[in-house]
Amino acid sequence: MVHFMKPTPLVQKKFITPGVILLILLAVNGLAFLAGRFLFGIGGVTNLNNQYPWGIWIGVDVAAGVALAAGGFTTAALGHLMHREQYHALVRPALLTAMLGYTFVALGVCIDIGRYYYIWHPLIMWNGNSALFEVGICVMIYMNVLYIEFLPVVTERFIGRVTMKGFLTRFNKPVDKLLRALDRGLSKVMFIFIIAGVVLSTLHQSSLGTLMVIAGPKMHPLWQTPVLPLLFLLSAIAVGFPMVIFESMIAARSFGLKPEMETLSKLGRMIAPILGIYLAFKIGDMFIRETFVYLTTFNTASVLFMIEVFVGVVLPLRMFLSRSVLKSPVMLFIAASLVVFGVLLNRINNFVVAYTPPYSFGSYFPSIGEISVTVGFVSILVLLYRAAVMIFPVISVPDKSLSSKAKYTIRG
Amino acid sequence: MNKLDRRSFFKTTAVLGAGLTGIAASEAKAGPKNILSPERMGVLVDTTACIGCRNCEWACKTAHDLPTAPIESYEDRSVFEKMRRPDETALTVVNRYDNLKKPELPYTVKVQCMHCDHPACVSACIVGAFSKEENGAVVWDTDKCIGCRYCMAACPFQIPAFEYHRAIGPKIMKCDFCSARREEGKMPACAEICPVEALTYGPREELVRIARDRVKRFPDRYVEQIYGEYEVGGTGWMYLAGRDVADLQFPKLGRNPAPGVSESIQHGIFAYFVPPVSLYALLGALMWITKHRTEEEEA
């Protein structure tokens, strides 16, 4: 017996839980330090200086943020480009994560740049040689594509349900009409945006790797390689599905739903080959450049590199190859979390740990302010995600009344 | 007429393609100025002639309207006990290193922007604020700058500094080779004030000749290397030294321009938009094929 899944707003659930209260506190703490950044400048709350220009706001908020939002384009490619219908239930949650993720990447950039009010400059002041320019433009456009991809969810929620009160009542009909027109128009052109989303993602995921290539010898040889863009792209693709598993299991747990093990284990089966390709390139590059010699010395760089590769890639790769892991919710969650951790650590390593300035007066470690802002942003993101799945039909729940599958195929 | 129409059609299609795939024209020449004039100027720093009077530090601050103590206070030699770096308050600094052959005559080394021939900052800057001028200076447009500090991450000599403690309008600061002064026909402030002619200001090609000549004539005084002649593709400021430049804390750099690899990757990925547009077409085809396949299966 096939049960039909239908994206449904989780309206009947409670928003406030002990976990949510903790997240709110972390968010407020982060915002307090953020206020300090705007009052006293970047130096006021961060440990950044002329030796270490970039810290965790770039390494985590921006670089890791972009990578961990890769579930958006990998599931879109799987569900929409390859038309694998059984994964449709995963597309919307991944899309929402990507949309919120990229919004916070943009916010992260905004607070890290010294002149945040000039954030629009790259739109009209071009430098085609700059990898950062390419990343900036791609991320900006992709963020808009993600919003457009999410629009059908909004129209689905409100068509036939526009009930504004008071003097706004008279607008109910026109707004409903507008939504219907938007819905019709979007369903015809959505394929353009879906393909564009995948192309834009491959472009900026790889260009993010090009960013540090120009730093040359300032970057530790374990990470500095001309194939960085390829490694970044492969690791982003590799972290896409694990991130989807990671977040759907957390969401299921938090809302007391049953995780969709059947779909998730099928998705999990695809992870091992992708991780394998990434690992092959990473190790191959290491042997071609003979950088394994740096692993014989015991220091922060070599230890973190080993953790990144063994805990973040090799171990989950082995786990995803095992049938029993794919069937067990706990093990599947652990394996997915390890990949997420591995890519997060990889981005931190590339942007923060690997960076060794020729002249330094001490090493960089993020300040309490930097950590607070980063944690605060993640907390706000989770809170917004929670609110969004309660308002909009994002998470699929079994629907017994549903008889026809065709009724709820996702547009595009 | 017909021809023109066709051209404009191609233009529109190209713009549309760029818009669809969403990358701004990397080949469009809206980028920063990057002139490598054969007459570009440079400075030859003879670290064996420098006496460490630090008058250049004072002159630099005065010329750039930076707050400074009176020139007499620069006689204080205790600052040499610590290695210093140029920052947002001092665009050039002088450091002291031991002279192994003659301990009574230590070497002093002036540090500032090297004004590379192929600058990493010009290539890296997200808004193209940096440019290499015809006169050899690497300058930047503060009004364009968004404060992203990518120039700092990119610079192989770790030169650009940032006003971290300014909440509004923090600036990138570095030596601008007195570009504005030189437009008025004056010398760079540091080279003008130097009492021992440790700083020779002139056309770069000429300076290379002078440097080679000095190294040849005084082999006891100098090591063979002219630092900056070939480093990262050549720099506008070059150094003569009495001991291995690594001992004077100059970074060891290859001969390839710093932005070389990243630019070839960047232009490889975006070669006239062919790769992104082909990827777009490929994915479109994939989408169409799989759609028809699933429809057939369902039918």
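Just so you know, these numbers come straight off a predicted model, no measurement behind them. Chain letters run A, B, ... following the sequence lines, proteins first, then strands; residues in each count from 1.
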Using a cut-off of under 4.5 Å on heavy-atom pairs, state which of A/L228, A/L81, A/V135 scores highest against chain B. A/L81
Any idea which heavy atoms bring A/S130 and B/A124 closest together, and the distance? OG-O, 2.5 Å
Please determine, among A/I58, A/N144, A/L132, the option with the most heavy-atom pairs under 4.5 Å with chain B. A/L132
Should we count CD1 of A/I368 as having more than 12 external heavy atoms under 6.0 Å? no
Above 12 or not: heavy atoms from other molecules or residues under 6.0 Å from CZ of A/F365? no
For A/L107, give me all partners under side chain to side chain contact (heavy atoms under 4.5 Å, CB included), at least two apart in sequence or on another chain. A/F104, A/F377
For each of B/A129, B/P86, B/C145, B/C151, tally heavy-atom pairs with chain A at distances under 4.5 Å, and name the one with the top tally. B/C145
Max heavy-atom pair count under 4.5 Å with chain B, selected residue of A/L39, A/I119, A/V145, A/L211: A/L211
Bottom line for B/P156: the part with an atom under 4.5 Å from chain A's heavy atoms is backbone
Of all of A/A215, A/G136, A/P122, A/G216, which one pairs up most often with chain B through heavy atoms under 4.5 Å apart? A/P122
Donor-acceptor pair, A/K218 side chain versus B/C155 backbone, under 3.5 Å? yes
Quick one: does B/Y164's side chain have a donor or acceptor within less than 3.5 Å of a partner on A/I42's backbone? no
Do B/E88 and A/N50 have side-chain N/O donor and acceptor atoms under 3.5 Å apart? yes
On a heavy-atom basis, the closest approach of B/F157 and A/Y359 is O-CE1, 3.8 Å
Using side-chain heavy atoms (C-beta onward) and a distance below 4.5 Å, is B/K144 in contact with A/Y118? no
N/O donor-acceptor pair under 3.5 Å between B/R149 side chain and A/D112 backbone: yes
As an exercise, state the distance from CG of B/D87 to CD of A/Q51, rounded to the nearest 0.5 Å. 9.0 Å
After noting the C-alpha distance and the side-chain angles of A/M125 and B/D141, does the key distance pass the side chain to side chain contact (heavy atoms under 4.5 Å, CB included) rule? CA-CA 12 Å; A/M125 299 168 189; B/D141 183 347; over 6 Å; no
Pair up each side-chain donor or acceptor in residues 188-205 of chain A with any protein partner under 3.5 Å, not counting sequence neighbours, and list the distances.
unit_1	atom_1	unit_2	atom_2	d
A/S201	OG	A/Y142	OH	3.4
A/S201	OG	A/G197	O	2.8
A/T202	OG1	A/V198	O	3.4
A/T202	OG1	A/V199	O	2.7
A/H204	ND1	A/L200	O	2.9
A/H204	NE2	A/Y102	OH	2.6
A/Q205	NE2	A/V66	O	3.1

Please state whether the side chain, the backbone, both or neither of B/Q249 comes within less than 4.5 Å of a heavy atom of chain A. both
Portion of B/V122 that has a non-hydrogen atom of chain A nearer than 4.5 angstrom: backbone
Keeping A/T210 on the side-chain end and B/I265 on the backbone end, is there a donor-acceptor pair under 3.5 Å? no
Quick one: closest heavy-atom pair of A/Y116 and B/I168, and the distance? OH-CD1, 3.4 Å
Report the C-alpha separation of B/R166 and A/R115 in whole Å, then their side-chain angles, then the decisive distance to 0.1 Å, and conclude whether the side chain to side chain contact (heavy atoms under 4.5 Å, CB included) test is met. CA-CA 10 Å; B/R166 213 185 251 252; A/R115 302 165 162 217; over 6 Å; no
Ignoring hydrogens and angles, tell me if any N or O in the side chain of A/W54 forms a donor-acceptor pair with the backbone of B/M152 under 3.5 Å. no
Is there a side-chain contact between B/Y150 and A/I214, using heavy atoms and a 4.5 Å cut-off? yes
Among A/G41, A/P53, A/G44, the residue with the most heavy-atom pairs under 4.5 Å to chain B is A/P53
Given a strict heavy-atom distance threshold of 4.5 Å, which part of B/I172 is in contact with chain A: side chain, backbone, both, or neither? neither
Heavy-atom closest pair (A/Y355 atom, B/A153 atom, distance to 0.1 Å) is OH-CA, 3.5 Å
Heavy-atom distances under 4.5 Å only: say whether A/P217 touches chain B with side chain, backbone, both or neither. side chain
For B/V127, is there any backbone N or O sitting under 3.5 Å from a side-chain donor or acceptor partner on A/H121? no
For the pair B/Q266 (side chain) and A/N129 (backbone), establish whether a donor and an acceptor sit closer than 3.5 Å, ignoring hydrogens and angles. no
Has A/Y117 got a side-chain atom pairing as donor or acceptor with B/I146's backbone, closer than 3.5 angstrom? no
With a 4.5 angstrom heavy-atom cut-off, could you sort out which part of B/D143 is near chain A: side chain, backbone, both or neither? backbone
To the closest 0.5 Å, what do you measure between CD1 (A/I137) and CD1 (B/I126)? 7.5 Å
Would you say A/F281 has more than 12 foreign heavy atoms packed within less than 6.0 Å of its CZ? no
At their closest point, which heavy atom of B/M287 faces which heavy atom of A/H83, and how far apart are they? O-CE1, 3.2 Å
Does the side chain of A/F40 reach to within under 4.5 Å of the side chain of B/H165, using non-hydrogen atoms? no
Most contacts with chain B, counted as non-hydrogen pairs under 4.5 angstrom, among A/M82, A/R84, A/M140, A/R37: A/M82
